[in-house]
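See structure below.
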Amino acid sequence: MTSGATVWLTGLPSAGKTTIAYELAGRLRAEGHRVEVLDGDEIREFISAGLGFSREDRHTNVQRIGYVAELLARNGVKALVPVIAPYTDSRDAVRKRHETNGTPYVEVHVATPVEVCSERDVKGLYAKQAAGELTGLTGVDDPYEEPASPDLRIESQHQSVQESAASVYALLTEKGLA
Ligand SMILES: Nc1ncnc2c1ncn2[C@@H]1O[C@H](COP(=O)(O)OS(=O)(=O)O)[C@@H](OP(=O)(O)O)[C@H]1O
Ligand SMILES: Nc1ncnc2c1ncn2[C@@H]1O[C@H](COP(=O)(O)OP(=O)(O)O)[C@@H](O)[C@H]1O
């Protein structure tokens with residue numbers, strides 16, 4: 001069985017987390033790896049239904065996702081997690097859970113600047129915030145604590161989706177995980 005791992009893609013809304021995760025998933029699957037993408041929106045519809053965007057709820061959401069990702073990764077799956085995870089302590093707790101269980105964990109910061117994200121505005125959230133229809137948007141009027149030492153930092157504004165996914169793939173190869 002190939003080695004499982006959790007690959008957490010953290011970053012602002014519209015940074016490119018989801019797009020990179022699915023691009024990478026396709027590439028890994030084509031090579032015979034077992035892959036699951038734990039999409040933040042789907043998780044919030046099911047296992048985190050009812051949670052909002054307060055600090056406490058985001059922490060709970062991230063811990064639940066981290067728990068499921070570790071279970072999958074421990075069993076040989078590449079668990080790709082495109083979830084904002086804005087707080088350092090939440091991310092560190094997930095990393096620690098993986099370390100305790102001896103499960104590989106890779107943190108990727110999709111570090112697209114907020115100016116680029118708000119132009120992309122894939123879901124219209126930045127426009128809503130600007131129009132006063134939404135408050136507490138990560139990176140605008142809610143915190144995003146940048147990872148101090150991620151395993152990889154991606155500047156998606158300077159490269160194609162394929163290049164971004166390839167850089168994560170290269171890191172996995174380097175670590176003997178792909
Ligand atoms: N206030 C606010 N702040 C940030 N994001 C918001 C907010 N309201 C809704 N959304 C949408 O929900 C997605 C974020 O959920 P996550 O589970 O990834 O985030 S978190 O880690 O629990 O903070 C996030 O998805 P992505 O755009 O894919 O990042 C948003 O589309
Ligand atoms: N190098 C890149 N990596 C990822 N996305 C990119 C890149 N360049 C441009 N994009 C675009 O940015 C948008 C990112 O949206 P999405 O993946 O939904 O972001 P997130 O999941 O972080 O909210 C998509 O429209 C995608 O095509």
Side-chain angles (χ1 to χ4, degrees), residues 6-28 35-70 79-95 97 105 107-147 150 152-171:
T6 293
V7 180
W8 199 294
L9 298 124
T10 173
L12 300 177
S14 291
K17 307 179 297 294
T18 311
T19 305
I20 295 167
Y22 282 104
E23 178 71 23
L24 177 64
R27 185 159 177 178
L28 289 167
V35 182
E36 291 292 342
V37 179
L38 301 183
D39 191 296
D41 290 333
E42 268 180 47
I43 298 276
R44 280 181 170 275
E45 204 178 322
F46 296 103
I47 60 176
S48 286
L51 293 184
F53 293 92
S54 65
R55 181 180 177 118
E56 194 185 14
D57 280 5
R58 289 182 197 256
H59 179 76
T60 301
N61 183 42
V62 167
Q63 297 319 297
R64 286 181 187 170
I65 296 168
Y67 177 81
V68 173
E70 198 279 325
L80 311 184
V81 187
V83 168
I84 298 174
Y87 297 109
T88 303
D89 59 353
S90 305
R91 294 191 301 262
D92 285 352
V94 171
R95 179 187 284 278
R97 167 177 286 279
Y105 181 80
E107 183 177 82
V108 177
H109 180 200
V110 185
T112 316
V114 68
E115 297 77 20
V116 176
C117 294
S118 65
E119 256 178 50
R120 290 181 181 169
D121 204 8
V122 178
K123 295 177 186 161
L125 296 173
Y126 292 90
K128 274 193 182 159
Q129 193 281 336
E133 292 164 17
L134 181 153
T135 57
L137 181 62
T138 302
V140 181
D141 60 350
D142 214 55
Y144 179 74
E145 298 173 357
E146 297 210 346
L152 177 67
R153 190 171 275 123
I154 289 178
E155 311 277 347
S156 87
Q157 71 279 19
H158 298 313
Q159 53 188 210
S160 68
V161 171
Q162 289 73 21
E163 286 170 330
S164 295
S167 68
V168 186
Y169 183 87
L171 177 67

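Throughout, residue positions are numbered sequentially from 1 according to the sequence presented. One-based numbering, in listed order, for ligands and for the atoms of each. Worth saying up front: this structure is predicted, and the values here are computed from it rather than measured.
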Can you report which non-hydrogen protein atom sits closest to [atom], along with the distance?
atom	answer
atom 23 (O) of ligand 1	Arg58 NH1, 2.8 Å
atom 11 (C) of ligand 1	Leu125 CD1, 3.9 Å
atom 15 (O) of ligand 1	Arg44 NE, 3.2 Å
atom 13 (C) of ligand 1	Asp41 OD1, 3.8 Å
atom 15 (O) of ligand 2	Val122 CG2, 3.3 Å
atom 17 (O) of ligand 1	Asn61 ND2, 2.8 Å
atom 4 (C) of ligand 1	Thr138 OG1, 3.3 Å
atom 23 (O) of ligand 2	Ser14 N, 2.7 Å
atom 21 (O) of ligand 2	Thr18 OG1, 2.4 Å
atom 9 (C) of ligand 1	Phe53 CZ, 3.3 Å

Identity of the nearest option to [atom], non-hydrogen atoms only, from [options]:
atom	options	value
atom 19 (O) of ligand 1	Val81, Asp57, Ile84	Ile84
atom 19 (O) of ligand 2	Gly40, Pro13, Gly16, Ala165	Gly16
atom 25 (O) of ligand 1	Arg64, Lys123, His59, Arg55	Lys123

- Task: Going by the side chain to side chain donor-acceptor pair (under 3.5 Å) test, name the single residue among Glu23, Glu155, Gln159, His158 that passes it with Ser164.
- Result: Gln159
- Note on the structure: Between Glu70 and Thr6, the two heavy atoms sitting closest are N-OG1, 4.1 Å
- Search all heavy atoms of His59 against all heavy atoms of Ser90 and return the closest pair with its distance. ND1-OG, 2.7 Å
- Message: Can you tell me how far apart OG (Ser118) and CD (Gln129) are? Round to the nearest 0.5 Å.
- Response: 10.0 Å
- Rounded to the nearest 0.5 Å, the NZ atom of Lys17 sits from the OG1 atom of Thr112 at a distance of 8.5 Å
Of [options], which is the lone residue that meets side chain to side chain contact (heavy atoms under 4.5 Å, CB included) with [X]?
X	options	result
Tyr144	Ile84, Val114, Leu137	Ile84
Pro86	Glu146, Arg58, Arg91, Glu145	Arg58
Val168	Leu80, Ile20, Val110	Ile20

Ligand-side contact atoms (ligand 1) for residue partner [X], heavy atom cut-off under 4.0 Å:
X	answer
Ala85	21 (O)
Val62	21 (O)
Gly136	1 (N), 2 (C), 3 (N)
Pro13	27 (O), 29 (O)

- What part of Ile65, side chain from CB on, backbone N/CA/C/O, both or neither, has a heavy atom under 4.0 Å from ligand 1? neither
- Structural part of Val83 in contact with ligand 1, heavy atom criterion under 4.0 angstrom: both
- Any ion pair linking Asp41 and Lys123 (charged N to carboxylate O, less than 4.0 Å)? yes
- Query: Salt-bridged, Arg55 to Asp89, with N to O below 4.0 Å?
  - Reply: yes
- Task: Report yes or no: does a heavy atom of Asp142 sit under 4.0 Å from some atom of ligand 1?
- Result: no
- Message: Against ligand 1, does Lys17 come closer than 4.0 Å with any heavy atom?
- Response: yes
- Apply side-chain hydrogen bond (donor to acceptor under 3.5 Å, both in side chains) to Ser48 and Asn61, showing your working. CA-CA 6 Å; Ser48 286; Asn61 183 42; 2.8 Å; yes
Is the number of heavy atoms from other residues, nucleotides or ligands within 6.0 Å of [atom1] ([X]) greater than 12?
X	atom1	result
Glu133	CD	yes
Arg120	CZ	yes
Glu163	CD	yes

- ligand 2-proximal atoms of Arg120, by part, heavy-atom distance under 4.0 Å: side chain
- Just let me know how Thr19 lines up against ligand 2, side chain, backbone, both or neither, with a heavy-atom cut-off below 4.0 Å. both
- Message: With a 4.0 Å cut-off on heavy atoms, is Ser160 in contact with ligand 2?
- Response: yes
- Item | side-chain contact (heavy atoms from CB on, under 4.5 Å) between Arg64 and Ile43, intermediate numbers included | CA-CA 9 Å; Arg64 286 181 187 170; Ile43 298 276; 5.9 Å; no
Enumerated ligand 2 atoms positioned under 4.0 Å from heavy atoms of [X]:
X	answer
Gln159	1 (N), 2 (C), 8 (N)
Val161	1 (N), 2 (C), 3 (N), 4 (C), 5 (N), 6 (C), 7 (C)
Ile20	3 (N), 4 (C)
Leu12	22 (O)

- Taking atom types as modelled, is there a side-chain donor on Arg153 or Ser167 under 3.5 Å from an acceptor on the other? no
